[in-house]
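I have placed the structure first, in the form of structure tokens, so that the comments after it can refer back to it.
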Number of protein chains: 2
Amino acid sequence: MAPRSKRAPRSGSNKVRIEEVARRAGVSPITVSRALNTPEKVNETTRVAVLKAVEETGYIPNRLAGSLASNRSKTVGVIVPTVTNSIFADKIRGLGDVLSGAGYQILLGQSGYSLDAEADLVAALLAQSPSGLVLTGSTHAHRTHVMLERSGVPVVETWTSAEFPIDMQVGFSNEAAAFAVVEHLVAAGYRDLALVVAPVQDNDRALGRLEGFRKAIAHFGLRQPAPEREAAFSLRNGAEALVNILETHPDTDAIFFANDILAAGALLECRRRNIAVPGRLGVAGFDDLEIAAEIVPSLTTVAVPRYEIGSRAAQMLLARLDNAETGRRVQLDFTIMERESTRRER
Amino acid sequence: MAPRSKRAPRSGSNKVRIEEVARRAGVSPITVSRALNTPEKVNETTRVAVLKAVEETGYIPNRLAGSLASNRSKTVGVIVPTVTNSIFADKIRGLGDVLSGAGYQILLGQSGYSLDAEADLVAALLAQSPSGLVLTGSTHAHRTHVMLERSGVPVVETWTSAEFPIDMQVGFSNEAAAFAVVEHLVAAGYRDLALVVAPVQDNDRALGRLEGFRKAIAHFGLRQPAPEREAAFSLRNGAEALVNILETHPDTDAIFFANDILAAGALLECRRRNIAVPGRLGVAGFDDLEIAAEIVPSLTTVAVPRYEIGSRAAQMLLARLDNAETGRRVQLDFTIMERESTRRER
DNA sequence: CTGTTAGCGCTTTCAG
DNA sequence: CTGAAAGCGCTAACAG
């Protein structure tokens, strides 16, 4: 009796394997592999025959097997706090556009602004042997650093300009941007400022903006301590923060919201309460979302390269995987967008 | 001379393999595997020893290898037109919350509203042997259908209520929702309606809304043909569509925008032009994004279960993978949110 | 340019 | 409850 495989055959797996394509094309499996992955290394006649067989059979290569064998996976892990925030959505679009052009897939993780959740995601993503990892921010749990170090996987941290990135970095200086906003408010004639920023706990982007704000307040000799509020990103929270600040600090003449959604919510509340912007109150935002240009009055804000952060991060990763020379820190520019909400008649 | 492996050793791969953990725990590799994947099948003493060894070594299982061997991958492919549209972002959040709780990762693809791009993504995702696929809409390229059929992978189509889903479906009736909006506008006293909808080409959600609108126009005997415009989702496009409609059809007394962002853009334009809403013009939106409740005047719209579409899709997939009984079509409810933008004094 | 052989790291099956 | 052997589908290395 012929020795039978110990392993039962897969239940009617109708999937085409490389061997079948090879048989059909009259070549060996490895030639099919080469025709698909490194076509320039295969004779044209052979290649055409293989592609024909692929077409006829509807063969879709099993990347799991290919990645395991080659130790290269064509996936990139991306961790964002949440896709619901459009600044991260734009980054993902930038990543996706560049990566899918190069045949890579995105493995997406949402950390919910929790470093612990981020660490779990890093472990889960590393388990898939990604070609690279794109993280948000430069603040991570200790075990995240350990795992990343150990894995040797290329890492890009985004949105920050921390001095010592784990590996690569694409971002801008949140601190400098916030400083510039205050500088603009001062130039527009505002003196009694307030700040509304995302919760800074474990959020270096928010923390950078807070610090830039504080430094500018000190630098320009403005009212101290300036009222500061933390609020998660929503229109409602912006409206509520505005009301709260005006109640506790009625002499406030301008508020810097470290996010356009918060600022827009405040502008809508100003309309409901007939608070004159920019006359009674100046309002500035952050991000330059579309609403900043469209809302009435239009919103002064900081334009940041959301999409580009994603596309550049992807490019750096691809360059690294290609063993090309890459810088480690890409510092992008921001631009103050002066609009009606701080255009005070003096 | 001892036979040497033909394959060169991996360049300093510092990754821990299951074998090392096994040695450390004094068991065989398969026992480590079981302790991790099916702990209930392992003696507690053994399990503790294994977990200790895992901890000490920092072992992260190679899922590529595991998936290849077990033919189960713990990833789910998700294809959306774009993450930039917050309705899809909410769906992804719903998917992510449920899937990551069950140990699954999301492989994300963005089709850019192109069926051809979608088909390419389906091929790329299938190559990763996902446990399931979550698609947007029920309109797909022919080859997409062929590939899905062939693969046997569970599929959930979302956002639609097409009669014959490929496999499973979670959505609502875009047509009925649009009909209900018109019904509301009629009840509020509006008669000369217009529609602004996303480009309907290859977009069954937009097409459904268009059809619901047309049916309602006919049903209620309103002005025909009602002006219809296509506009991609943005505030600016909403403002421009408004202006265009009022120029060509000045007698229009209400506009239904099949998306809140378009509607909000129009409301902002109305403010700039001093067009009284709801007096001179009624405005209705679709989706019930946060801005609908916050904008002035607040926006009448349709609340749709964005997050739930994602979470339910994930649950259906998990149930199927668990061989549990599942329905094939989940039809969720929508709710008309009556707000100021259509509250006409009569 | 093409084929042979071995093996990626894990889990399946079957035996104890 | 635990282990031995085999093999998932593909590609690296080497030989021709």
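For the numbers below, each heavy atom of this structure counts, side chains included, while hydrogens, waters and symmetry mates do not. The chains referred to below are lettered A, B, ... by the order of the sequence lines, with proteins before strands, and numbering in each begins at 1.
- Residue Arg17(B) has no polar side-chain atom (N or O) positioned under 4.0 Å from OP1 or OP2 of dC8(C).
- For Ser33(A) and dT11(D), the shortest distance from a side-chain N or O to OP1 or OP2 is below 4.0 Å.
- Taking a 4.0 Å limit (strictly below) on heavy-atom distances, residues 46-62 of chain B reaches DNA chain D at Thr46(B).
- To the nearest 0.5 Å, atoms CZ (Arg329(B)) and OG1 (Thr160(B)) are separated by 8.5 Å.
- Side-chain N/O atoms of Lys74(A) and Ser67(A) include no donor and acceptor closer than 3.5 Å.
- Look at CD1 on Ile30(A): it is 11 Å from P on dC10(D), rounded to the nearest Å.
- Between the P atom of dT2(D) and the CD atom of Glu44(B) lies a distance of 11 Å, rounded to the nearest Å.
- Note on Arg63(A): nothing from the nucleic acid sits closer than 4.0 angstrom, heavy atoms only.
- Contacts of Thr82(B) classified as side-chain contact (heavy atoms from CB on, under 4.5 Å), with partners at least two apart in sequence or in another chain: Arg93(A), Thr84(B), Asn85(B), Gln110(B), Tyr113(B).
- Contact annotation: Ser70(B) side-chain N/O to dT11(C) OP1/OP2 distance is not under 4.0 Å.
- OP1 or OP2 of dT2(C) has not a single side-chain nitrogen or oxygen of Thr31(A) nearer than 4.0 Å.
- Under the side-chain contact (heavy atoms from CB on, under 4.5 Å) criterion, Asp120(A) pairs with Arg143(A), not counting sequence neighbours.
- Atom pair Asn71(A):CG and dA6(C):P shows a separation of 21 Å (rounding to whole Å applied).
- Donor-acceptor pairing under 3.5 Å is lacking for the side chains of Thr139(B) and Asp202(B).
- Under 3.5 Å, the side chains of Thr136(B) and Lys91(B) contain a donor-acceptor pair of N or O atoms.
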